[in-house]
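Before any comments, here is the structure.
FYI, side chains are in, hydrogens and waters are out, and symmetry mates aren't considered; it's all heavy atoms of this structure. Both counts, for ligands and for their atoms, begin at 1 and track the order of listing.
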Amino acid sequence: MTRIFDDDLDTGFGTRAIHAGQRPEPLAGAIMTPVYLTSTYVQEGMGRHKGYEYARSKNPTREALERNVAALEGARHGFAFASGTACLDSLMKLFKAGDHIICGENVYGGTFRLFDKLLRHLGLCFTYVDTRDPQRIADACTPRTVAVLIETPTNPLMRITDLAAAAEVAHKAGALLIVDNTFATPFFQRPFDHGADIVYHSTTKYLNGHSDMIGGMAVLRDDALAERLGFIQNAAGAVPGPFDCWLALRGTKTLHLRMPRHDENGRRVATWLTERLGEERVIYPGLPSHPQHELAKRQMTGFGGMITVDLGTRDCAQRVLERVRIFSLAESLGGVESLISHPASMTHASVPPERRAELGITDGLIRLSCGVEDVGDLLADLEGAVEGM
Ligand SMILES: Cc1ncc(COP(=O)(O)O)c(C=O)c1O
C-alpha cells in the first residue's frame, strides 16, 4: 500500500504533476525516478530488508507513480494496475458474492463486459441506471447495495452525473461512490471534492497521454479501505511492469500543459462541427447546447478533447472515418495525437445491439479524441472528411 508524501499536497497542481511522489534517487541523485527492473530485492538477513521483498508487492518506480497520481487527485493512497480494466477487476474484489453494485448505464463497453460476462457469474449483482438522475440511483438501491459506479462524462455519450448528488445517495444507502475519472482527469475534475470514495483511471489515456502503454490506477482517501485494496493488489497480482509505470509517470509531468490544449482544441472542433453540421449532431459538454452544460460547468473546470458526433448513418460514419488524414482511426483516446473511432463496432461492440440502440449508441455515431496538434490542421482534416454532408 503506497501512501502519499503529505507535503506533496502543499503545492499547486503543476508542481505536483512534476514532483509529487518523487525524491532524488539515493545512490547517484538521479533527478528522474529510475526504472527498477527487478523482480526481487536482496535481504541483509532473515527479516532484515529495506522495506522491499518482492516486486509484485512493491516496486519503487510503481510507488512513485502511485504517489504522484494520488497527490494529483487529492487522495492519500494510490494503487497501480496492469490496465484500467485490471484496476476495476481488483476494485470489485473488495466485494463478495451477493453484493449489489449500481453502475451507470453508459459506461465504457469493457466495463460492462467485465461485469456482465465475468463478475456476474461469480455472484456480484449489477443494476444499470441512468445516473444523470440521482433519483434513479436512489430507486435502484437495495439493502445489499455496496457501491455506485459512475463515469462522468460518459463514454461515448458525454453524459454528466452530478457527483455530489450521487455521493449523497450512495452514502445514504451505506454504499461507496466509485468514479471513473479517465475522461476528465484530475486537472478538470476532482471527484473527492464532491464526496467520491474511490477514483480510478485508465492511465492508458490522458494521464500517460502518449499512447505508449496500458495501465490503470485507483486512488483512495480512507486508510482502512486502502489497506484492503493493497492486500488485493498483492494477492491478485494484476500489477503493471516498472517501465509502464515510468512511462505513465513521465506523462503525468505534462498533464497540466496538455489538458488546456486538449480542451482548447476540443472546444474549437466542437464549435466548428456545430456550425458545419448543426448543434443537434454534436455532443460535447462544453457547448451551451449540451443539455447538462450548466452542471458540467459547475463540477468541471474544463471539458477536454472528447467529442461525439451523430452522422446519422453507418455509411456517413464510415466515409468520415476513412477520409480523415490527421485523425487516425483507432480505439483509445487521450493521447497527444488525434484519434477517431466508431463506438458501435469498436469500444462498445461488447454491448448487445438492442442495448446500444436503447442508449443511443447508434451506427452513425463517431467519437473524436482531439489531440494537441494545430487546430487549423484538425479543422481542415475534418472539412475534407465531411465534404458533401
Ligand atoms: C472511460 C474508460 N474507463 C476504463 C477503460 C479501460 O481501460 P484499459 O483499456 O486501460 O483497460 C477505458 C478504455 O477505453 C475507458 O475509456
For ligand 1, find each of its N or O atoms that sits under 3.5 Å from a protein N or O atom, and tabulate the pairs with distances to one decimal place.
{"from": "ligand 1", "atom 1": "3 (N)", "to": "D180", "atom 2": "OD2", "distance (Å)": "2.6"}
{"from": "ligand 1", "atom 1": "7 (O)", "to": "S202", "atom 2": "OG", "distance (Å)": "3.1"}
{"from": "ligand 1", "atom 1": "10 (O)", "to": "G84", "atom 2": "N", "distance (Å)": "2.9"}
{"from": "ligand 1", "atom 1": "10 (O)", "to": "S202", "atom 2": "OG", "distance (Å)": "2.8"}
{"from": "ligand 1", "atom 1": "10 (O)", "to": "T204", "atom 2": "OG1", "distance (Å)": "2.8"}
{"from": "ligand 1", "atom 1": "11 (O)", "to": "G84", "atom 2": "N", "distance (Å)": "3.2"}
{"from": "ligand 1", "atom 1": "11 (O)", "to": "T85", "atom 2": "N", "distance (Å)": "2.9"}
{"from": "ligand 1", "atom 1": "11 (O)", "to": "T85", "atom 2": "OG1", "distance (Å)": "2.7"}
{"from": "ligand 1", "atom 1": "14 (O)", "to": "K205", "atom 2": "NZ", "distance (Å)": "2.9"}
{"from": "ligand 1", "atom 1": "16 (O)", "to": "N155", "atom 2": "ND2", "distance (Å)": "3.1"}

Could you give all pairs that pass the salt bridge (Lys or Arg N to Asp or Glu O under 4.0 Å) test and reach residues 82-98, with sequence neighbours left out?
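Sorted pair list: D89-K93, K96-D99.
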Tell me every residue that passes ring pair (Phe, Tyr, Trp, His ring centres under 6.0 Å) with F115, counting only those two or more places apart in sequence or in another chain.
F126
So, applying side chain to side chain donor-acceptor pair (under 3.5 Å) with E66, which one of T2, T61, N59 is it?
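Output: one option passes, namely T2.
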Take atom CD in E168; do more than 12 heavy atoms of anything else shown fall under 6.0 Å from it?
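Count not over threshold, so no.
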Residues, nucleotides or ligands: over 12 heavy atoms within 6.0 Å of R250 CZ:
no
Pairs meeting criterion side-chain hydrogen bond (donor to acceptor under 3.5 Å, both in side chains) with involvement of residues 300-320, two or more places apart:
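Qualifying pairs: Q318-E322.
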